[in-house]
A.B. asks: 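If you scroll down you'll find the structure; I have some questions about it.
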Amino acid sequence: MKWTGRFAGYNKNSLRKDLISGLIVGIIAIPLGMAFAIASGVKPEYGIYTTIIAGICISLFGGSKFQIGGPTGAFIPILFAVVMQYGYENLLIAGFMAGVFLLILGLCRLGKLISFIPRPVTIGFTAGIAVTIFGGQIANFLGLTGLTKHEDFFSNMREIVTHLNTFNIYSLITGLICFLAMILTARFFPKVPGSLIGLCISTAVAVLFFQGKVSTIESSFGAISGALPQFHIPNLTLDNMTLLIRPALVIAMLGSIESLLSAVVADGMTGTRHNSNRELIGQGIANMITPLFGGIPATGAIARTATNIKNGAVSPISGIVHGIVVLLVLLLFAPYASHIPLASMAPILMLVAWNMSERKHFMHMLKIKTSDSLVLAITFLLTVFADLTTAVEVGLLLAVVLFVQRMSQGLTITKVLPDPDSKHQQVHSHMVTENHDCPQISIYTVEGALFFGGTHIIESAIDEAIANQPRVVLLRMARVPMIDTTGDANVLTLVHKVQAYGGIVIISGIQQQPLELMRKTGLYTMIGANHFYERTGVAINKALDHLNLEQCRGCQHFAFHECQALSAEIHTASVSTPVQLRKTLEANI
(Lines give C-alpha, C1' and ligand atoms only; values in the text may rest on other atoms or scores of the structure.)
Protein backbone atom coordinates (compact mmCIF):
# COMPACT_ATOMS: atom_id res chain seq x y z
CA MET A 1 0.00 0.00 0.00
CA LYS A 2 1.33 3.40 -0.99
CA TRP A 3 0.85 6.18 1.56
CA THR A 4 0.37 9.83 0.46
CA GLY A 5 0.05 13.25 2.06
CA ARG A 6 0.93 13.26 5.76
CA PHE A 7 1.62 9.51 5.53
CA ALA A 8 4.00 9.65 2.55
CA GLY A 9 6.75 7.05 2.94
CA TYR A 10 5.02 5.42 5.91
CA ASN A 11 6.13 1.84 6.69
CA LYS A 12 6.28 -0.76 9.47
CA ASN A 13 9.18 0.99 11.15
CA SER A 14 7.21 4.22 11.17
CA LEU A 15 4.26 2.42 12.74
CA ARG A 16 6.50 0.99 15.45
CA LYS A 17 7.81 4.48 16.30
CA ASP A 18 4.28 5.88 16.41
CA LEU A 19 3.13 3.08 18.71
CA ILE A 20 5.98 3.70 21.14
CA SER A 21 5.60 7.50 21.21
CA GLY A 22 1.80 7.21 21.45
CA LEU A 23 2.11 4.84 24.40
CA ILE A 24 4.50 7.13 26.27
CA VAL A 25 2.48 10.30 25.63
CA GLY A 26 -0.73 8.48 26.56
CA ILE A 27 0.73 7.51 29.93
CA ILE A 28 1.87 11.10 30.51
CA ALA A 29 -1.54 12.47 29.53
CA ILE A 30 -3.52 10.46 32.10
CA PRO A 31 -2.53 12.32 35.30
CA LEU A 32 -2.51 15.64 33.46
CA GLY A 33 -6.00 15.12 32.09
CA MET A 34 -7.38 14.40 35.56
CA ALA A 35 -5.43 17.26 37.16
CA PHE A 36 -6.59 19.82 34.60
CA ALA A 37 -10.21 18.71 35.01
CA ILE A 38 -10.08 18.93 38.81
CA ALA A 39 -8.45 22.37 38.66
CA SER A 40 -11.17 23.48 36.23
CA GLY A 41 -13.83 22.56 38.76
CA VAL A 42 -15.17 19.38 37.14
CA LYS A 43 -14.83 15.66 37.78
CA PRO A 44 -11.48 14.06 36.84
CA GLU A 45 -13.02 11.60 34.38
CA TYR A 46 -14.16 14.52 32.22
CA GLY A 47 -10.49 15.32 31.66
CA ILE A 48 -9.93 11.69 30.67
CA TYR A 49 -12.84 11.83 28.20
CA THR A 50 -11.36 15.01 26.70
CA THR A 51 -7.94 13.42 26.35
CA ILE A 52 -9.41 10.45 24.50
CA ILE A 53 -11.91 12.10 22.18
CA ALA A 54 -10.22 15.43 21.48
CA GLY A 55 -6.81 13.77 21.24
CA ILE A 56 -7.99 11.39 18.52
CA CYS A 57 -10.01 14.05 16.62
CA ILE A 58 -7.19 16.60 16.60
CA SER A 59 -4.77 14.00 15.23
CA LEU A 60 -7.28 12.88 12.59
CA PHE A 61 -8.43 16.29 11.34
CA GLY A 62 -5.68 18.73 12.40
CA GLY A 63 -2.99 20.36 10.31
CA SER A 64 0.12 19.17 12.18
CA LYS A 65 1.58 15.68 11.90
CA PHE A 66 2.79 15.69 15.49
CA GLN A 67 0.14 17.63 17.43
CA ILE A 68 -1.10 16.06 20.67
CA GLY A 69 -4.41 17.53 21.75
CA GLY A 70 -6.28 17.47 25.02
CA PRO A 71 -7.05 19.59 28.09
CA THR A 72 -4.31 22.07 28.97
CA GLY A 73 -3.37 24.30 31.88
CA ALA A 74 -4.05 27.46 29.87
CA PHE A 75 -7.77 26.74 29.95
CA ILE A 76 -8.03 26.29 33.72
CA PRO A 77 -8.91 29.89 34.80
CA ILE A 78 -11.51 30.47 32.09
CA LEU A 79 -13.11 27.01 32.50
CA PHE A 80 -13.17 27.34 36.29
CA ALA A 81 -14.83 30.77 35.96
CA VAL A 82 -17.47 29.39 33.57
CA VAL A 83 -18.23 26.46 35.90
CA MET A 84 -18.49 28.74 38.93
CA GLN A 85 -20.71 31.28 37.17
CA TYR A 86 -22.79 29.17 34.78
CA GLY A 87 -22.36 25.52 35.80
CA TYR A 88 -20.91 22.43 34.14
CA GLU A 89 -23.75 22.00 31.62
CA ASN A 90 -23.19 25.50 30.29
CA LEU A 91 -19.46 24.82 30.09
CA LEU A 92 -20.29 22.11 27.55
CA ILE A 93 -22.30 24.63 25.53
CA ALA A 94 -19.49 27.21 25.66
CA GLY A 95 -17.01 24.53 24.53
CA PHE A 96 -19.27 23.51 21.64
CA MET A 97 -19.68 27.15 20.55
CA ALA A 98 -15.91 27.64 20.74
CA GLY A 99 -15.56 24.64 18.42
CA VAL A 100 -17.94 26.26 15.95
CA PHE A 101 -15.94 29.50 16.05
CA LEU A 102 -12.68 27.60 15.46
CA LEU A 103 -14.21 25.69 12.57
CA ILE A 104 -15.40 28.94 10.96
CA LEU A 105 -11.94 30.51 11.39
CA GLY A 106 -10.35 27.55 9.66
CA LEU A 107 -12.90 27.35 6.82
CA CYS A 108 -12.49 31.10 6.20
CA ARG A 109 -8.73 30.56 6.04
CA LEU A 110 -8.05 32.97 8.89
CA GLY A 111 -5.37 30.88 10.60
CA LYS A 112 -2.69 33.51 9.98
CA LEU A 113 -4.69 36.15 11.89
CA ILE A 114 -3.75 34.55 15.19
CA SER A 115 -0.12 35.52 14.58
CA PHE A 116 -1.16 39.19 14.75
CA ILE A 117 -1.91 38.99 18.49
CA PRO A 118 0.92 40.96 20.15
CA ARG A 119 3.46 38.90 22.04
CA PRO A 120 3.19 41.04 25.22
CA VAL A 121 -0.48 40.09 25.40
CA THR A 122 0.16 36.35 25.01
CA ILE A 123 3.07 36.36 27.48
CA GLY A 124 1.06 38.49 29.91
CA PHE A 125 -1.99 36.27 30.06
CA THR A 126 0.11 33.07 29.96
CA ALA A 127 2.10 34.23 33.00
CA GLY A 128 -1.13 35.29 34.68
CA ILE A 129 -2.66 31.87 34.04
CA ALA A 130 0.44 30.23 35.52
CA VAL A 131 0.12 32.28 38.72
CA THR A 132 -3.58 31.42 38.94
CA ILE A 133 -2.91 27.69 38.50
CA PHE A 134 -0.09 27.69 41.05
CA GLY A 135 -2.13 29.63 43.60
CA GLY A 136 -5.11 27.37 43.06
CA GLN A 137 -3.11 24.30 44.13
CA ILE A 138 -1.74 25.65 47.41
CA ALA A 139 -4.80 24.50 49.34
CA ASN A 140 -4.57 20.91 48.05
CA PHE A 141 -0.81 20.82 48.62
CA LEU A 142 -1.27 21.86 52.26
CA GLY A 143 -4.39 19.77 52.73
CA LEU A 144 -6.56 22.72 53.80
CA THR A 145 -10.24 22.06 54.34
CA GLY A 146 -13.44 24.09 54.57
CA LEU A 147 -12.51 26.54 51.81
CA THR A 148 -15.15 28.18 49.63
CA LYS A 149 -14.14 28.44 45.98
CA HIS A 150 -14.39 31.83 44.29
CA GLU A 151 -13.98 33.06 40.74
CA ASP A 152 -11.36 35.68 41.55
CA PHE A 153 -7.77 35.08 42.61
CA PHE A 154 -7.75 37.51 45.53
CA SER A 155 -10.75 35.89 47.24
CA ASN A 156 -9.23 32.43 46.83
CA MET A 157 -5.94 33.59 48.36
CA ARG A 158 -7.87 35.12 51.27
CA GLU A 159 -9.61 31.76 51.79
CA ILE A 160 -6.21 30.03 51.97
CA VAL A 161 -4.89 32.51 54.54
CA THR A 162 -7.99 32.29 56.74
CA HIS A 163 -7.94 28.45 56.66
CA LEU A 164 -4.24 27.89 57.34
CA ASN A 165 -5.23 26.47 60.72
CA THR A 166 -6.65 23.41 58.90
CA PHE A 167 -3.18 22.54 57.60
CA ASN A 168 -2.66 18.75 57.12
CA ILE A 169 0.91 17.47 57.60
CA TYR A 170 0.09 14.20 55.82
CA SER A 171 -1.05 16.04 52.70
CA LEU A 172 2.13 18.11 52.74
CA ILE A 173 4.30 14.99 53.00
CA THR A 174 2.36 13.32 50.17
CA GLY A 175 2.76 16.38 47.95
CA LEU A 176 6.47 16.68 48.70
CA ILE A 177 7.03 13.00 47.88
CA CYS A 178 5.32 13.47 44.51
CA PHE A 179 7.32 16.64 43.82
CA LEU A 180 10.68 15.08 44.71
CA ALA A 181 9.90 11.98 42.66
CA MET A 182 9.16 14.15 39.62
CA ILE A 183 12.34 16.20 40.02
CA LEU A 184 14.57 13.15 40.55
CA THR A 185 12.97 11.27 37.64
CA ALA A 186 13.54 14.22 35.33
CA ARG A 187 17.13 14.46 36.58
CA PHE A 188 18.18 10.82 36.28
CA PHE A 189 15.60 9.27 33.95
CA PRO A 190 14.60 12.09 31.57
CA LYS A 191 12.70 9.78 29.19
CA VAL A 192 10.46 8.41 31.95
CA PRO A 193 7.25 10.42 32.63
CA GLY A 194 8.03 12.06 35.97
CA SER A 195 4.42 13.04 36.71
CA LEU A 196 3.28 9.42 36.50
CA ILE A 197 6.14 8.18 38.69
CA GLY A 198 5.47 10.89 41.27
CA LEU A 199 1.77 10.12 41.22
CA CYS A 200 2.28 6.38 41.69
CA ILE A 201 4.86 6.65 44.49
CA SER A 202 3.00 9.31 46.47
CA THR A 203 -0.31 7.47 46.07
CA ALA A 204 1.28 4.24 47.28
CA VAL A 205 2.70 6.00 50.34
CA ALA A 206 -0.66 7.61 51.11
CA VAL A 207 -2.56 4.32 50.75
CA LEU A 208 -0.08 2.39 52.92
CA PHE A 209 0.60 4.93 55.65
CA PHE A 210 -1.95 7.77 55.47
CA GLN A 211 -5.17 5.89 54.75
CA GLY A 212 -8.10 8.16 55.56
CA LYS A 213 -5.82 11.04 56.56
CA VAL A 214 -5.58 12.77 53.15
CA SER A 215 -8.26 13.82 50.69
CA THR A 216 -8.45 11.67 47.58
CA ILE A 217 -10.27 11.85 44.25
CA GLU A 218 -12.88 9.42 45.56
CA SER A 219 -13.48 11.30 48.82
CA SER A 220 -13.79 14.63 46.99
CA PHE A 221 -15.45 13.73 43.66
CA GLY A 222 -16.61 10.15 44.01
CA ALA A 223 -15.18 7.06 42.36
CA ILE A 224 -13.97 7.43 38.79
CA SER A 225 -16.28 5.57 36.43
CA GLY A 226 -14.60 3.01 34.22
CA ALA A 227 -17.48 3.09 31.72
CA LEU A 228 -17.35 4.71 28.31
CA PRO A 229 -18.59 8.31 28.21
CA GLN A 230 -22.29 8.63 27.39
CA PHE A 231 -23.48 10.60 24.36
CA HIS A 232 -25.43 13.68 25.45
CA ILE A 233 -26.57 16.74 23.48
CA PRO A 234 -26.27 19.94 25.57
CA ASN A 235 -29.32 22.18 25.88
CA LEU A 236 -28.49 24.58 23.06
CA THR A 237 -30.97 27.44 23.36
CA LEU A 238 -30.70 30.97 22.00
CA ASP A 239 -30.66 32.39 25.53
CA ASN A 240 -27.83 30.08 26.61
CA MET A 241 -25.76 30.77 23.52
CA THR A 242 -26.22 34.54 23.90
CA LEU A 243 -25.22 34.30 27.56
CA LEU A 244 -22.08 32.28 26.79
CA ILE A 245 -20.82 34.00 23.66
CA ARG A 246 -18.04 35.94 25.44
CA PRO A 247 -16.49 32.97 27.27
CA ALA A 248 -16.91 30.89 24.10
CA LEU A 249 -14.98 33.48 22.09
CA VAL A 250 -12.21 33.56 24.69
CA ILE A 251 -12.00 29.76 24.71
CA ALA A 252 -11.80 29.78 20.89
CA MET A 253 -9.14 32.49 20.87
CA LEU A 254 -7.08 30.81 23.56
CA GLY A 255 -7.45 27.42 21.90
CA SER A 256 -6.35 28.76 18.52
CA ILE A 257 -3.31 30.51 20.01
CA GLU A 258 -2.22 27.46 22.01
CA SER A 259 -2.75 24.99 19.16
CA LEU A 260 -0.98 27.07 16.51
CA LEU A 261 1.87 27.90 18.89
CA SER A 262 2.25 24.19 19.62
CA ALA A 263 2.24 23.46 15.87
CA VAL A 264 4.95 26.09 15.33
CA VAL A 265 7.06 24.49 18.08
CA ALA A 266 6.61 21.12 16.38
CA ASP A 267 7.68 22.63 13.05
CA GLY A 268 10.83 23.98 14.64
CA MET A 269 11.70 20.61 16.17
CA THR A 270 11.06 18.58 12.99
CA GLY A 271 11.73 20.95 10.10
CA THR A 272 8.16 20.46 8.82
CA ARG A 273 5.37 22.96 8.16
CA HIS A 274 1.85 22.72 9.52
CA ASN A 275 -1.35 23.87 7.84
CA SER A 276 -2.74 26.53 10.18
CA ASN A 277 -6.22 26.61 8.64
CA ARG A 278 -6.55 22.85 8.74
CA GLU A 279 -5.31 22.87 12.32
CA LEU A 280 -8.11 25.25 13.30
CA ILE A 281 -10.62 23.05 11.50
CA GLY A 282 -9.35 20.02 13.43
CA GLN A 283 -9.52 21.93 16.72
CA GLY A 284 -13.04 23.06 15.87
CA ILE A 285 -14.26 19.54 15.10
CA ALA A 286 -12.65 18.19 18.28
CA ASN A 287 -14.27 20.85 20.46
CA MET A 288 -17.66 20.30 18.85
CA ILE A 289 -17.57 16.52 19.40
CA THR A 290 -15.97 16.41 22.86
CA PRO A 291 -18.81 18.19 24.75
CA LEU A 292 -21.27 15.64 23.34
CA PHE A 293 -19.48 13.07 25.54
CA GLY A 294 -19.04 15.29 28.60
CA GLY A 295 -15.54 16.51 27.76
CA ILE A 296 -14.15 19.97 28.44
CA PRO A 297 -12.50 22.28 25.84
CA ALA A 298 -9.20 21.08 24.39
CA THR A 299 -6.32 22.42 22.35
CA GLY A 300 -2.81 21.52 21.25
CA ALA A 301 -0.57 20.71 24.21
CA ILE A 302 2.97 22.03 23.69
CA ALA A 303 4.71 19.82 26.27
CA ARG A 304 2.98 16.62 25.16
CA THR A 305 3.56 17.46 21.49
CA ALA A 306 7.28 17.98 22.17
CA THR A 307 7.39 14.69 24.09
CA ASN A 308 5.68 12.97 21.17
CA ILE A 309 8.39 14.22 18.79
CA LYS A 310 11.27 13.40 21.15
CA ASN A 311 10.05 9.81 21.39
CA GLY A 312 10.19 9.32 17.63
CA ALA A 313 6.67 10.10 16.37
CA VAL A 314 6.38 9.99 12.59
CA SER A 315 2.72 10.76 11.86
CA PRO A 316 -0.67 11.60 13.42
CA ILE A 317 -1.07 7.91 14.22
CA SER A 318 0.93 8.52 17.40
CA GLY A 319 -1.75 10.98 18.57
CA ILE A 320 -4.48 8.46 17.82
CA VAL A 321 -2.55 5.77 19.73
CA HIS A 322 -2.17 8.15 22.68
CA GLY A 323 -5.97 8.52 22.85
CA ILE A 324 -6.50 4.75 22.64
CA VAL A 325 -3.98 4.16 25.43
CA VAL A 326 -5.85 6.56 27.70
CA LEU A 327 -9.13 4.82 26.82
CA LEU A 328 -7.71 1.41 27.77
CA VAL A 329 -6.39 2.76 31.06
CA LEU A 330 -9.82 4.23 31.80
CA LEU A 331 -11.53 0.90 31.14
CA LEU A 332 -8.99 -1.23 33.04
CA PHE A 333 -7.64 0.87 35.89
CA ALA A 334 -10.26 3.52 36.72
CA PRO A 335 -11.03 2.11 40.20
CA TYR A 336 -7.38 2.42 41.23
CA ALA A 337 -7.21 6.05 40.09
CA SER A 338 -9.93 6.93 42.60
CA HIS A 339 -7.37 6.52 45.41
CA ILE A 340 -5.05 9.24 44.11
CA PRO A 341 -4.62 11.99 46.78
CA LEU A 342 -5.40 15.55 45.75
CA ALA A 343 -2.07 16.49 47.33
CA SER A 344 -0.37 14.30 44.72
CA MET A 345 -2.08 16.18 41.90
CA ALA A 346 -1.09 19.59 43.29
CA PRO A 347 2.69 19.47 42.59
CA ILE A 348 2.00 18.18 39.07
CA LEU A 349 -0.04 21.29 38.30
CA MET A 350 2.41 23.53 40.13
CA LEU A 351 5.20 22.24 37.92
CA VAL A 352 3.02 22.76 34.84
CA ALA A 353 2.43 26.35 35.96
CA TRP A 354 6.15 26.92 36.48
CA ASN A 355 7.02 25.57 33.05
CA MET A 356 4.35 27.57 31.23
CA SER A 357 5.02 30.84 33.05
CA GLU A 358 7.32 32.32 30.37
CA ARG A 359 9.24 33.80 33.31
CA LYS A 360 12.43 34.62 31.35
CA HIS A 361 10.58 36.37 28.54
CA PHE A 362 8.33 38.07 31.09
CA MET A 363 11.22 39.59 33.07
CA HIS A 364 13.12 40.55 29.92
CA MET A 365 10.12 42.42 28.51
CA LEU A 366 9.56 44.22 31.81
CA LYS A 367 13.20 45.32 31.99
CA ILE A 368 13.22 46.99 28.57
CA LYS A 369 10.60 49.48 29.84
CA THR A 370 8.77 50.21 26.60
CA SER A 371 5.09 50.43 25.75
CA ASP A 372 5.19 46.63 25.36
CA SER A 373 6.16 46.41 29.02
CA LEU A 374 3.02 48.33 29.93
CA VAL A 375 0.82 46.03 27.81
CA LEU A 376 2.48 42.99 29.39
CA ALA A 377 2.03 44.22 32.97
CA ILE A 378 -1.60 45.25 32.55
CA THR A 379 -2.56 42.01 30.78
CA PHE A 380 -0.83 39.99 33.50
CA LEU A 381 -2.44 41.86 36.39
CA LEU A 382 -5.91 41.72 34.85
CA THR A 383 -5.54 37.98 34.22
CA VAL A 384 -4.67 37.39 37.86
CA PHE A 385 -6.93 39.89 39.63
CA ALA A 386 -9.86 40.21 37.19
CA ASP A 387 -10.43 37.51 34.58
CA LEU A 388 -8.90 36.26 31.36
CA THR A 389 -11.65 37.73 29.16
CA THR A 390 -11.11 41.25 30.47
CA ALA A 391 -7.33 40.85 30.32
CA VAL A 392 -7.32 39.83 26.66
CA GLU A 393 -9.77 42.55 25.63
CA VAL A 394 -7.95 45.34 27.47
CA GLY A 395 -4.51 44.03 26.46
CA LEU A 396 -5.42 43.94 22.77
CA LEU A 397 -7.06 47.37 22.90
CA LEU A 398 -4.09 48.93 24.70
CA ALA A 399 -1.64 47.31 22.28
CA VAL A 400 -3.57 48.71 19.31
CA VAL A 401 -3.76 52.21 20.81
CA LEU A 402 -0.04 52.28 21.59
CA PHE A 403 0.78 50.91 18.14
CA VAL A 404 -1.27 53.66 16.49
CA GLN A 405 0.48 56.23 18.66
CA ARG A 406 3.92 54.92 17.63
CA MET A 407 2.93 54.88 13.98
CA SER A 408 1.61 58.44 14.14
CA GLN A 409 4.88 59.59 15.71
CA GLY A 410 6.67 58.16 12.69
CA LEU A 411 4.72 60.44 10.34
CA THR A 412 6.47 63.71 9.47
CA ILE A 413 5.49 66.35 6.94
CA THR A 414 8.36 68.79 6.34
CA LYS A 415 8.44 71.87 4.16
CA VAL A 416 11.52 71.83 1.95
CA LEU A 417 13.28 74.04 -0.60
CA PRO A 418 15.16 73.23 -3.80
CA ASP A 419 18.88 72.67 -3.30
CA PRO A 420 20.69 75.55 -5.01
CA ASP A 421 23.83 73.42 -5.36
CA SER A 422 22.08 70.63 -7.27
CA LYS A 423 21.90 70.39 -11.05
CA HIS A 424 18.91 68.03 -10.81
CA GLN A 425 16.50 70.21 -8.84
CA GLN A 426 16.98 68.17 -5.67
CA VAL A 427 15.43 69.48 -2.47
CA HIS A 428 16.56 69.76 1.11
CA SER A 429 14.80 70.42 4.42
CA HIS A 430 14.68 74.09 5.30
CA MET A 431 13.35 76.07 8.22
CA VAL A 432 11.10 78.41 6.28
CA THR A 433 11.10 82.05 7.36
CA GLU A 434 9.06 84.96 6.13
CA ASN A 435 11.95 86.23 4.02
CA HIS A 436 12.50 82.97 2.22
CA ASP A 437 8.99 81.55 1.76
CA CYS A 438 7.91 81.50 -1.86
CA PRO A 439 4.21 82.39 -2.15
CA GLN A 440 3.83 80.48 -5.41
CA ILE A 441 5.38 77.04 -4.77
CA SER A 442 5.18 75.01 -1.53
CA ILE A 443 7.11 71.72 -1.43
CA TYR A 444 6.52 69.17 1.31
CA THR A 445 8.27 65.87 2.05
CA VAL A 446 5.90 63.32 3.57
CA GLU A 447 7.51 60.43 5.49
CA GLY A 448 5.61 57.59 7.16
CA ALA A 449 2.19 56.03 6.84
CA LEU A 450 -0.74 58.35 6.06
CA PHE A 451 -3.43 56.78 8.20
CA PHE A 452 -6.11 57.69 10.73
CA GLY A 453 -3.61 57.96 13.58
CA GLY A 454 -1.80 60.88 11.91
CA THR A 455 -4.86 62.98 11.09
CA HIS A 456 -3.84 65.85 13.40
CA ILE A 457 -0.40 66.05 11.75
CA ILE A 458 -1.88 66.04 8.25
CA GLU A 459 -4.47 68.71 9.12
CA SER A 460 -1.76 71.01 10.52
CA ALA A 461 0.28 70.56 7.35
CA ILE A 462 -2.77 71.39 5.22
CA ASP A 463 -3.36 74.62 7.13
CA GLU A 464 0.28 75.61 6.67
CA ALA A 465 0.37 74.63 2.99
CA ILE A 466 -2.58 76.80 1.97
CA ALA A 467 -1.89 79.73 4.30
CA ASN A 468 -0.43 81.85 1.45
CA GLN A 469 -2.51 80.17 -1.26
CA PRO A 470 0.47 78.99 -3.35
CA ARG A 471 -0.23 78.25 -6.99
CA VAL A 472 1.53 74.88 -6.69
CA VAL A 473 1.65 72.45 -3.75
CA LEU A 474 4.15 69.66 -4.40
CA LEU A 475 3.98 66.54 -2.18
CA ARG A 476 7.04 64.28 -2.20
CA MET A 477 5.62 60.86 -1.23
CA ALA A 478 8.47 58.47 -2.02
CA ARG A 479 8.71 57.58 1.69
CA VAL A 480 5.02 56.92 2.26
CA PRO A 481 4.66 53.09 2.38
CA MET A 482 0.89 53.03 2.83
CA ILE A 483 -2.20 55.19 3.01
CA ASP A 484 -5.64 54.34 4.32
CA THR A 485 -8.98 55.90 3.44
CA THR A 486 -8.61 58.48 6.22
CA GLY A 487 -5.24 59.58 4.84
CA ASP A 488 -6.74 59.60 1.37
CA ALA A 489 -9.56 61.82 2.63
CA ASN A 490 -7.01 64.19 4.19
CA VAL A 491 -5.17 64.54 0.88
CA LEU A 492 -8.53 65.04 -0.84
CA THR A 493 -9.26 67.92 1.54
CA LEU A 494 -5.95 69.53 0.58
CA VAL A 495 -6.72 69.10 -3.14
CA HIS A 496 -10.19 70.63 -2.74
CA LYS A 497 -8.84 73.66 -0.87
CA VAL A 498 -5.98 74.27 -3.30
CA GLN A 499 -8.16 73.86 -6.38
CA ALA A 500 -10.79 76.17 -4.83
CA TYR A 501 -8.49 79.19 -5.19
CA GLY A 502 -7.12 78.08 -8.58
CA GLY A 503 -3.97 76.20 -7.51
CA ILE A 504 -2.82 72.67 -8.32
CA VAL A 505 -1.41 69.75 -6.37
CA ILE A 506 1.52 67.78 -7.78
CA ILE A 507 2.76 64.47 -6.36
CA SER A 508 6.17 62.88 -6.90
CA GLY A 509 7.64 59.47 -6.12
CA ILE A 510 4.39 57.86 -4.95
CA GLN A 511 4.58 54.14 -4.07
CA GLN A 512 2.29 51.42 -5.42
CA GLN A 513 -0.14 50.99 -2.50
CA PRO A 514 -0.98 54.70 -2.08
CA LEU A 515 -1.29 55.04 -5.87
CA GLU A 516 -3.69 52.08 -6.14
CA LEU A 517 -5.88 53.41 -3.32
CA MET A 518 -6.02 56.87 -4.92
CA ARG A 519 -7.14 55.27 -8.15
CA LYS A 520 -9.88 53.31 -6.38
CA THR A 521 -11.18 56.36 -4.50
CA GLY A 522 -11.02 58.70 -7.52
CA LEU A 523 -8.42 60.99 -5.95
CA TYR A 524 -5.97 60.13 -8.73
CA THR A 525 -8.40 61.44 -11.35
CA MET A 526 -9.19 64.54 -9.32
CA ILE A 527 -5.51 65.47 -9.00
CA GLY A 528 -4.91 64.61 -12.65
CA ALA A 529 -2.76 61.89 -14.15
CA ASN A 530 -0.41 64.53 -15.58
CA HIS A 531 0.34 65.77 -12.06
CA PHE A 532 2.02 62.53 -10.88
CA TYR A 533 5.78 62.21 -11.44
CA GLU A 534 8.38 59.65 -10.45
CA ARG A 535 11.15 62.20 -9.77
CA THR A 536 10.93 65.40 -7.75
CA GLY A 537 13.22 67.24 -10.16
CA VAL A 538 10.84 66.67 -13.05
CA ALA A 539 7.89 67.67 -10.85
CA ILE A 540 9.60 70.96 -9.93
CA ASN A 541 10.28 71.74 -13.58
CA LYS A 542 6.62 71.15 -14.41
CA ALA A 543 5.57 73.26 -11.44
CA LEU A 544 7.50 76.23 -12.84
CA ASP A 545 5.14 76.25 -15.82
CA HIS A 546 2.37 77.35 -13.47
CA LEU A 547 4.18 80.33 -11.94
CA ASN A 548 2.78 83.83 -12.31
CA LEU A 549 5.72 85.71 -13.77
CA GLU A 550 4.29 89.11 -12.87
CA GLN A 551 4.15 88.01 -9.25
CA CYS A 552 7.74 86.80 -9.52
CA ARG A 553 8.85 90.23 -10.73
CA GLY A 554 7.44 91.94 -7.65
CA CYS A 555 8.19 89.16 -5.20
CA GLN A 556 10.26 89.98 -2.15
CA HIS A 557 10.32 86.32 -0.90
CA PHE A 558 12.78 84.07 -2.65
CA ALA A 559 12.20 80.35 -2.03
CA PHE A 560 14.75 79.54 -4.72
CA HIS A 561 18.08 80.83 -3.52
CA GLU A 562 19.14 81.53 -7.07
CA CYS A 563 16.10 83.81 -7.53
CA GLN A 564 17.87 86.40 -5.45
CA ALA A 565 20.78 86.32 -7.90
CA LEU A 566 18.36 86.41 -10.83
CA SER A 567 16.09 89.07 -9.38
CA ALA A 568 17.68 91.78 -11.49
CA GLU A 569 16.95 89.87 -14.69
CA ILE A 570 13.37 89.15 -13.56
CA HIS A 571 12.67 92.74 -12.52
CA THR A 572 14.10 94.13 -15.76
CA ALA A 573 11.85 91.79 -17.75
CA SER A 574 14.78 89.93 -19.31
CA VAL A 575 12.77 86.80 -18.44
CA SER A 576 9.28 87.09 -19.85
CA THR A 577 7.74 83.61 -19.65
CA PRO A 578 7.75 80.69 -17.18
CA VAL A 579 9.57 78.56 -19.74
CA GLN A 580 12.31 81.16 -20.02
CA LEU A 581 12.42 81.40 -16.22
CA ARG A 582 12.91 77.64 -15.98
CA LYS A 583 15.68 77.72 -18.57
CA THR A 584 17.33 80.60 -16.75
CA LEU A 585 17.10 78.70 -13.44
CA GLU A 586 18.52 75.53 -15.02
CA ALA A 587 21.37 77.51 -16.50
CA ASN A 588 22.25 79.06 -13.18
CA ILE A 589 21.72 76.03 -10.85
A.B. asks: Would you kindly say whether Arg476 and Thr536 are connected by a side-chain donor-acceptor distance under 3.5 Å?
C.D. replies: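 A pair is found: one side chain offers a donor N or O, the other an acceptor, under 3.5 Å apart.
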A.B. asks: Determine, stepwise, if the pair Asp488 / Lys520 fulfils side chain to side chain contact (heavy atoms under 4.5 Å, CB included).
C.D. replies: CA-CA 10 Å; Asp488 180 89; Lys520 290 178 180 179; over 6 Å; no
A.B. asks: Please tell me whether Tyr524 and Phe532 form a close aromatic pair, meaning their ring centres lie under 6.0 Å apart.
C.D. replies: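 Yes: the rings meet the under 6.0 Å criterion.
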A.B. asks: Verify the neighbour count for atom CZ of Arg406: are there more than 12 heavy atoms of other residues, nucleotides or ligands below 6.0 Å?
C.D. replies: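 It does: Arg406 CZ has more than 12 such atoms within range.
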A.B. asks: Among all residues two or more places apart in sequence or in another chain, which pass the salt bridge (charged side-chain N to carboxylate O under 4.0 Å, His left out) test with Arg119?
C.D. replies: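 If we apply the salt bridge (charged side-chain N to carboxylate O under 4.0 Å, His left out) test to Arg119, skipping adjacent residues, there are no hits.
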A.B. asks: Would you name the heavy atoms of Val326 and Ala29 that are closest together and state the gap between them?
C.D. replies: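 Smallest interatomic distance, heavy atoms only, reads CG2-CB, 4.4 Å.
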A.B. asks: Using side-chain contact (heavy atoms from CB on, under 4.5 Å) as the criterion, point out the one residue from Leu107, Asn275, Leu105 that pairs with Leu280.
C.D. replies: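 Single pass found, and it is Leu105.
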A.B. asks: Please report the closest heavy-atom contact between Glu279 and Ser259, naming both atoms and the distance.
C.D. replies: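 Nearest heavy atoms, Glu279 then Ser259: OE2-CB, 4.0 Å.
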A.B. asks: Using a distance-only test with no angle check, is there a side-chain donor-acceptor pair under 3.5 angstrom linking Ser262 and Gln67?
C.D. replies: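 Yes.
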A.B. asks: Would you kindly say whether Thr72 and Thr299 are connected by a side-chain donor-acceptor distance under 3.5 Å?
C.D. replies: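 No, no side-chain donor-acceptor contact under 3.5 Å.
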A.B. asks: Quick one: which residue pairs count as a ring pair (Phe, Tyr, Trp, His ring centres under 6.0 Å) with a foot in residues 76-103, not counting sequence neighbours?
C.D. replies: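 The answer is Tyr46-Tyr88.
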A.B. asks: If you define the side chain from C-beta out and look only at heavy atoms, does anything of Thr379 sit under 4.5 Å from Val394?
C.D. replies: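 Answer no - side chains too far apart.
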A.B. asks: Measure the spacing between CD1 of Ile28 and CD1 of Ile348 and express it to the nearest 0.5 Å.
C.D. replies: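 CD1 of Ile348 is found 11.5 Å from CD1 of Ile28.
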